[in-house]
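Report on the structure given below.
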2 protein chains.
Amino acid sequence: MRSFRETLAEAEINHSPKLAELKASVKILSVKKGNVLQQQGGINTNLYFVKKGMLRSYIIDEKGKEHIFMFAPEGWLMADGSKDDNPSELFIDCLEDSEVEVVSQADFNELFLPLAAINDKDRTVGMLRRMATMQKRIIMLISASAIERYEHFMETYPDIIQRVPQKMIASYLGITPEALSKVKGMRFK
Amino acid sequence: MRSFRETLAEAEINHSPKLAELKASVKILSVKKGNVLQQQGGINTNLYFVKKGMLRSYIIDEKGKEHIFMFAPEGWLMADGSKDDNPSELFIDCLEDSEVEVVSQADFNELFLPLAAINDKDRTVGMLRRMATMQKRIIMLISASAIERYEHFMETYPDIIQRVPQKMIASYLGITPEALSKVKGMRFK
DNA sequence: GTTAGACGTTAACCTAAATTAAGATGTATA
DNA sequence: TATACATCTTAATTTAGGTTAACGTCTAAC
């Protein structure tokens, strides 16, 4: 990775848009609840923009246990962010009947990223929001108790709470469903 | 956040570089070990590119306990990724005498992000690497035991292990120094 | 209607890691 | 040199959360 100054020294601006190519690279998909869009270990990874419904990404560990990495309701981007060349770390599946737009990782990097940075502040805001979400998540995981993580989640994503089963919330928080149940009971004691 | 198609519909390419402005926006800083570059709660957040040395970002919780969010040795970007308008969540300080390049969050978003996406693949790779690191970190935190997290850290960042005290590694892993000490002993039993 | 799965809750028990405290070593400073 | 301070380790104790299992509710399938 180059430094800021090195970047400047080498910078030459020339950019010819390829709108047709861009348009062709986007596929629209209707996905039924339960459908799996992407497998852990797969090599062709995509980005999914959720127009309607909700997607979920998760891993399955050696003991066969599911751990939810992220929920993506309407307006969110769903993607496996593991390094480009590596196979996908995540499963992605569909929690509600959904409509999504799909772009391959390769197309996104080559075509969308440059375009988005210039013309689509919302797109970069989307990436920044993703980063902010992950940062907060890490901070909660290393510093907060189960109940604090739960309360933070409720405040931040009250919508998601209504739409997914408790056991998935527990999985997202990094605890068992039983522990979440216990912890919820304790709040009103 | 707009969808891919909406983005395309609205896209108009025009981009005039402002190299002079860009250059002026970069400051070079020599920082002594222990210096604090940025405070939790501060409003003027910067991005730091580490040319030499090492930076660290961390929070201090209500009980006064430190939790390390990230290390940034040479070649890494250090930044608080909490939402633009919010005050900084993180302290950033200096673990070794360092040389860093500094750009304000505002300048970065307005000037560097567009430029980098087009001309500097390494820069976007840097952001993607950041995302990949965070993703892996979250997965480890929700699914792996203390010892597994430690072993993963050793494999992934053998360099950092040599350069920072154990208690900071523990803090990064989300465990106490005592627990890390115990866990290290257990590996050779 | 009956049955079989999912889901959520509760409780008994267990374990990993936190807390507290003490001691051993190293290092910077008066 | 002596003092203080930070780091790491070990051990005793406590606690948050995991595991296992039982039970009630709900929904889907027969």
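Letters A, B, ... mirror the listed sequences (proteins, then strands); counts begin at 1.
A cation-pi contact, defined as under 6.0 Å to the ring centre and within 45° of the axis, is absent between Arg130(A) and Trp76(A).
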With side-chain hydrogen bond (donor to acceptor under 3.5 Å, both in side chains) as the test, would you mind laying out the steps for Glu89(A) and Gln135(B) before giving the verdict?
CA-CA 9 Å; Glu89(A) 280 183 318; Gln135(B) 175 172 317; 2.9 Å; yes
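Considering only heavy atoms from C-beta on, Gln38(B) comes within 4.5 Å of Asp80(B) through its side chain.
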Base, backbone or nothing for each nucleotide of nucleotides 19-30 of chain D, written B, S, -, heavy atoms under 4.0 angstrom, 5' to 3'?
BBB---------
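Counting only residues at least two apart or in different chains, salt bridge (Lys or Arg N to Asp or Glu O under 4.0 Å) contacts with residues 140-150 of chain A are absent.
When rounded to the nearest whole Å, the span between NE2 of His67(A) and C1' of dG18(D) equals 12 Å. Summarising the geometry, the separation between CD1 on Ile175(A) and P on dA16(C) is reported as 19 Å, rounded to the nearest angstrom. A straight line from CG of Leu141(A) to P of dG17(D) spans 12 Å, rounded to a whole angstrom. When the C1' atom of dT7(D) is taken as reference, atom CG of Leu180(B) falls 12 Å away, rounded to whole Å. Residue Leu95(A) contributes atom CG, which lies 16 Å from atom P of dA6(C) at whole-angstrom precision. If you take NZ of Lys184(B) and P of dC8(D), they are 8 Å apart, rounded to a whole angstrom.
For Ser30(A), the side chain to side chain donor-acceptor pair (under 3.5 Å) criterion is met by no residue, not counting sequence neighbours. Taking the side-chain contact (heavy atoms from CB on, under 4.5 Å) definition, one finds that Val50(A) meets it with Leu55(A), Ala72(A), Val100(A), sequence neighbours left out. The ring pair (Phe, Tyr, Trp, His ring centres under 6.0 Å) check on Phe153(A) picks up Tyr157(A), Tyr172(A), with sequence neighbours excluded.
Contacts between residues 163-173 of chain A and DNA chain C, defined by a heavy-atom separation below 4.0 Å, involve Pro165(A), Gln166(A), Lys167(A), listed by number.
Taking a cutoff of 4.0 Å between a charged side-chain nitrogen and a carboxylate oxygen, Lys51(B) and Glu101(B) qualify as a salt bridge.
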